[in-house]
Amino acid sequence: MDAITIRRLQAVDGPAYRSLRLEALERHPASFGTALEDVAGHGPDWFGLRLEQSLTFGAFRSDALLGAATLALQEGAKLRHKGDVTGVYIRGEARGLGLGAALLDRLVAEARPRVEALRLTVEAENHAALRLYERLGFRPYGRERRALKIGDRYHDEVLMELVLAGDPALEPPDAHHQESPRAG
């Protein structure tokens with residue numbers, strides 16, 4: 001099996017990222033706030049431009065993009081102490097290989113010198129994602145009922161946070177003694 005590499009995506013990765021993103025939105029609509037129909041008409045250049053304007057990391061085997069995760073940083077003076085984890089997706093054939101943890105480890109490493117906390121939302125019925133985030137130190141701090149509406153069905157989202165620095169009362173127990181899980 002070829003080695004997995006994690007790297008920041010750039011404009012040249014627009015075609016591969018477009019394919020991955022559209023697959024994610026089509027197969028798992030309840031996991032993302034963006035609807036497939038909102039972005040399906042955009043071409044690879046549009047996706048490439050978005051990659052240049054964001055911190056999106058991709059997991060590759062050879063030249064195949066198997067997963068991605070984005071770190072969204074706030075610009076406002078009152079909000080720049082926190083970042084958002086968005087767009088986390090691993091292709092079905094690559095699940096169980098530790099790519100989610102590896103992508104998030106890289107994202108957290110990039111975020112640590114920039115923000116005090118990372119936040120994310122996860123669809124309340126996505127138990128695998130909830131377990132992964134909790135294993136990585138994210139803790140739930142709320143639940144948004146009816147966060148997404150797809151057709152006639154509502155989906156709740158769990159709000160989660162990983163404290164990186166700042167208020168020690170918010171850090172998980174033994175936060176300074178935990179080792180981050182690593183993908184093998």
Do you know which two heavy atoms are closest between N126 and S31, and how far apart they sit? ND2-OG, 3.8 Å
Looking at residues at least two apart in the chain, or sitting in another chain, which of them share a side chain to side chain contact (heavy atoms under 4.5 Å, CB included) with P15? P44
For H42, check ring-ring contact (aromatic ring centres under 6.0 Å, His included) against everything at least two apart and list the hits. W46
Enumerate the residue pairs fulfilling ring pair (Phe, Tyr, Trp, His ring centres under 6.0 Å) with a member in residues 136-155, sequence neighbours excluded, ordered by first and then second residue. Y133-F138
Judged by atom type as modelled, is there a donor-acceptor pair below 3.5 Å linking the side chain of R61 to the main-chain atoms of A3? no
Which side-chain N or O atoms in residues 47-55 pair as donor and acceptor under 3.5 Å with protein atoms at least two apart or in another chain?
| unit_1 | atom_1 | unit_2 | atom_2 | d |
| --- | --- | --- | --- | --- |
| E52 | OE2 | A11 | N | 2.7 |
| S54 | OG | R50 | O | 3.1 |
| S54 | OG | T56 | OG1 | 2.9 |

Note, E123 side chain near L148 side chain (heavy atom, < 4.5 Å): no
CG on L66 to CG on L20, rounded to 0.5 Å: 8.5 Å
To the nearest 0.5 Å, atom CG of L132 lies from atom CG of L104 at 5.5 Å
To the nearest 0.5 Å, tell me how far L65 CG sits from L9 CG. 6.0 Å
Pairwise side-chain contact, D84 with T121, heavy-atom cut-off 4.5 Å (strictly under): no
Applied to residues 63-83, the salt bridge (Lys or Arg N to Asp or Glu O under 4.0 Å) test, sequence neighbours excluded, yields none
Of all heavy-atom pairs between L71 and G83, which one has the smallest distance, and what is that distance? CD1-CA, 4.5 Å
How far apart are the closest heavy atoms of A111 and L118, and which atoms are they? CB-CD2, 3.7 Å
Is the shortest side-chain heavy-atom distance between V88 and L120 below 4.5 Å? no
Could you work out, with side chain to side chain donor-acceptor pair (under 3.5 Å) as the rule, every residue matching H28, not counting sequence neighbours? R95
Among pairs that include at least one residue of residues 92-113, which meet ring pair (Phe, Tyr, Trp, His ring centres under 6.0 Å), considering only residues two or more places apart or in two chains? none
Do you know which two heavy atoms are closest between I6 and A59, and how far apart they sit? CD1-CB, 3.6 Å
Could you tell me which non-hydrogen atom of A68 sits nearest to which non-hydrogen atom of Y17, and how far apart they are? CB-CE1, 4.0 Å
Who passes salt bridge (charged side-chain N to carboxylate O under 4.0 Å, His left out) against R114, sequence neighbours left out? E110
Residue pairs involving residues 12-23 (criterion salt bridge (Lys or Arg N to Asp or Glu O under 4.0 Å); sequence neighbours excluded): R7-D13, E23-R27, E23-R91
Which residue pairs pass the salt bridge (Lys or Arg N to Asp or Glu O under 4.0 Å) test with at least one member in residues 146-158, sequence neighbours excluded? E125-R153, R143-D156, R145-D156
List for me each residue that meets side chain to side chain contact (heavy atoms under 4.5 Å, CB included) alongside A40, sequence neighbours excluded, and say none if there are none. L22, L36
Under the rule for ring-ring contact (aromatic ring centres under 6.0 Å, His included), what residues qualify as partners of F57, not counting sequence neighbours? none
Can you list the steps and then say if M160 with V85 is a side chain to side chain contact (heavy atoms under 4.5 Å, CB included)? CA-CA 10 Å; M160 300 185 84; V85 178; over 6 Å; no
Other residues, nucleotides, ligands: >12 heavy atoms within 6.0 Å of E93 CD: yes
What pair of heavy atoms forms the shortest contact from A124 to L130, and how long is it? O-CD1, 3.5 Å
